[in-house]
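To start, the structure under review is shown below, and the notes come after it.
None of the values given here were measured: they were computed from a predicted structure. Order of the sequence lines fixes the chain letters, A, B, ..., with proteins taken first and strands second; residue numbering starts at 1 for each chain. Computed over heavy atoms, backbone and side chain alike; hydrogens, waters and symmetry mates excluded.
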Number of protein chains: 2
Amino acid sequence: MSDQHRIGGNKQSQKPVLTPVSHVACSKCGLGKLCIPASMDAPDVSKLEMIVHKSRPLQSGEFLYRVGDRFADIYAVRSGCFKTFVVDAAGREQVLGFHLPGELLGLEAIYQGINISNAEALGTSSVCRLHYDDVTRLSQQVPELQAHMFRLLSQRISELSAAAADHTADERMAEFLLSLAARFKERGYSSKEFNLAMSRADIANYLRLATETVSRVLARFQKKKLIRVERKLVELLDKDALSRLAGSTNESNTTLGAL
Amino acid sequence: MSDQHRIGGNKQSQKPVLTPVSHVACSKCGLGKLCIPASMDAPDVSKLEMIVHKSRPLQSGEFLYRVGDRFADIYAVRSGCFKTFVVDAAGREQVLGFHLPGELLGLEAIYQGINISNAEALGTSSVCRLHYDDVTRLSQQVPELQAHMFRLLSQRISELSAAAADHTADERMAEFLLSLAARFKERGYSSKEFNLAMSRADIANYLRLATETVSRVLARFQKKKLIRVERKLVELLDKDALSRLAGSTNESNTTLGAL
DNA sequence: CGGCAAATTGAGGAAAGTCAATCATAGTGG
DNA sequence: CCACTATGATTGACTTTCCTCAATTTGCCG
């Protein structure tokens, strides 16, 4: 709850526990359908690829962008994990979301033309960079891309709406774990076992809980045999029970369950 | 916290306390720059007007759309006020936002193609209806409209991000009041005095507080001479103090401040 | 091996929630 | 026209959840 300004200073080597599967994909990103509309045909895909820029990997703690930066690019996570957060006048940090490979970053800056949040790498991570102007220009030519952008923006709205709910610590934690599981699954990783790229403090902040509460809830879940936690590694032992805890709106619906 | 399914059954006659000013505007909507990109020229504006459908006014308690409805339209509030909300598996309602004249509704449904929230009129209200297909089609032809849509979606993301913050009851209430004030001002109404279209219960739910807490906080604010409340009518007596309470990120920035 | 940061665990306190009673207002019907 | 009733708002007393503070413990990296 304090040192959000360190740059670098990695601690844990964060590697996916499980193997990704391949998608129909953007050759540069390797992200597949998550960043490319499924309905786009080959020529359009190659147009999209032309505006995608690979960028160097970021070390843990490095910022992709900061509050106040002029907005020019949006990003797709290639590997690793990012957290986005704001710092209010009182210096308190608020984590707004965690962003896994295939997910977009920077969308909230479009409105004001200035970044209103910070994005920090959690573990070594890399992104694809897209100039926003290129994206809008190409969206004019490729209806599928425009539609995709609308959907992605709408998706983020859905996620944030889901996160807005006033739930207990147990509910929020269950929702969080299931959300991660769903998103890992979508990306071809195991939805049963995964690494938490973020610290307990970040999870706590994101869920509007105290760090200690996160520890306690995880301990309680483990005692109830719902999960197994070992440091960063989490295994979901009883998803059904977790779903019930979460309020069970989490079966068919991929977007619900807080980010 | 219970009877969200009543249709009709108005109670209070909700009238703006103050007079709106005129904007450059869509003739059908009368909404001005809020629903029309400022940069659009006359021919483009008339194209936009062609896809706008005025619809009959809704009575208090009537739903504009419901969870599960197939998504086909987005809406711009013409008059009155709407609340959007979800109901979770346990039957608990969660208010996601209040929507004033000039603001858009239904954006979160784009992603899934199905409405994931309910929109209910608070007091007699009316909307402009836009077929989403028309909007996307026209956005292909009119770059300014596409840009505007991106901005609007991004704006909603900003708003929800701001609402995500973990603040105290006093902070949340101050933010809420200031947000309303800013939005009324933007629309040409007084930012000092306005009517709350929504019940205490709705405010409480939106702010993740108990109804009683909302009452108590408002009473406390009044005792401290920060505001004057009389039923639905609110007058802001000391905006600076409220801003300080809110965390004071609320001067220049129109989008921050919950909702 | 030492030192540091993160995580866990325990004890006590505070903010907000719940339950319950009262008050006020607006709409209803005699 | 006015009493009556229902609904929403307020106020008070008590409870609960989660936070805060503090003390360890654990694991990691030099």
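Taking the six-membered ring where the residue is Trp, B:Tyr75 and B:Tyr65 present parallel rings, their angle staying beneath 30° rather than reaching 60°.
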- With side chain to side chain donor-acceptor pair (under 3.5 Å) as the test, would you mind laying out the steps for B:Ser117 and B:Glu108 before giving the verdict? CA-CA 8 Å; B:Ser117 60; B:Glu108 71 284 349; 2.6 Å; yes
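Picking from D:dC19, C:dA16, C:dT8 the nucleotide with the shortest atom distance to the side chain of A:Ala210 gives D:dC19. Of the candidate nucleotides D:dG27, C:dC19, C:dA16, C:dC19 has the atom nearest to the side chain of B:Glu212. Closest contact between the side chain of B:Thr168 and the listed nucleotides D:dT10, C:dA16, C:dA7 involves C:dA16.
Between B:Arg92 atom CZ and C:dT18 atom P the separation is 10 Å, expressed in whole Å. A straight line from CG of A:Asp170 to P of D:dT17 spans 10 Å, rounded to a whole angstrom. In this entry the distance linking CG of A:Leu233 with P of D:dT26 reads 19 Å, nearest Å. Atom pair A:Asp166:CG and C:dA15:C1' shows a separation of 13 Å (rounding to whole Å applied). Rounded to whole Å, atom P of C:dA6 lies 13 Å from atom CD1 of A:Ile203. Atom NE2 in B:His167 sits roughly 19 Å away from atom P in D:dC18 (whole-Å rounding). Spacing between atom CG of A:Leu209 and atom P of C:dA15 amounts to 18 Å, rounded to whole angstrom units. We find that CG of B:Leu122 is positioned 16 Å from C1' of D:dT7, with the value rounded to whole Å.
Of the residues in residues 215-228 of chain A, A:Ser215, A:Arg216, A:Ala219 come within less than 4.0 Å of DNA chain C through at least one heavy atom, sorted by number.
Helix-axis bend for the helix from C:dC1-D:dG30 to C:dG30-D:dC1: the local axis fitted to the five terminal pairs at one end deviates from that at the other end by 30°, rounded to 10°.
Here the side chains of A:Glu175 and A:His167 are in contact, with some heavy-atom distance below 4.5 Å.
By the side chain to side chain contact (heavy atoms under 4.5 Å, CB included) test, A:Ala181 pairs with A:Ser191, A:Phe194, A:Leu236, A:Lys239, sequence neighbours left out. A search for side-chain hydrogen bond (donor to acceptor under 3.5 Å, both in side chains) contacts involving A:Arg231 returns nothing, not counting sequence neighbours. Residues satisfying the side chain to side chain contact (heavy atoms under 4.5 Å, CB included) test with B:Arg216, not counting sequence neighbours, are B:Glu212, B:Arg220. Applying the side chain to side chain contact (heavy atoms under 4.5 Å, CB included) rule to B:Thr213 yields the partners B:Ala169, B:Leu209, B:Ala210, B:Val217; only residues at least two apart in sequence or on another chain are considered.
Of all heavy-atom pairs spanning B:Ala165 and B:Arg208, the tightest one is O-NH2, 3.4 Å.
Taking side-chain N and O atoms only, B:Thr213 has a distance below 4.0 Å to OP1 or OP2 of C:dG17. For the pair A:Lys232 and C:dA7, the criterion of a side-chain N or O lying under 4.0 Å from OP1 or OP2 is met.
Salt-bridge formation is detected for the pair B:Glu93/B:Lys83: a Lys NZ or Arg NE/NH1/NH2 atom is positioned less than 4.0 Å from an Asp or Glu carboxylate oxygen.
Where A:Arg231 and B:Val214 meet DNA chain C, the nucleotide closest to each residue was compared, and A:Arg231 sits on the side nearer the 5' end.
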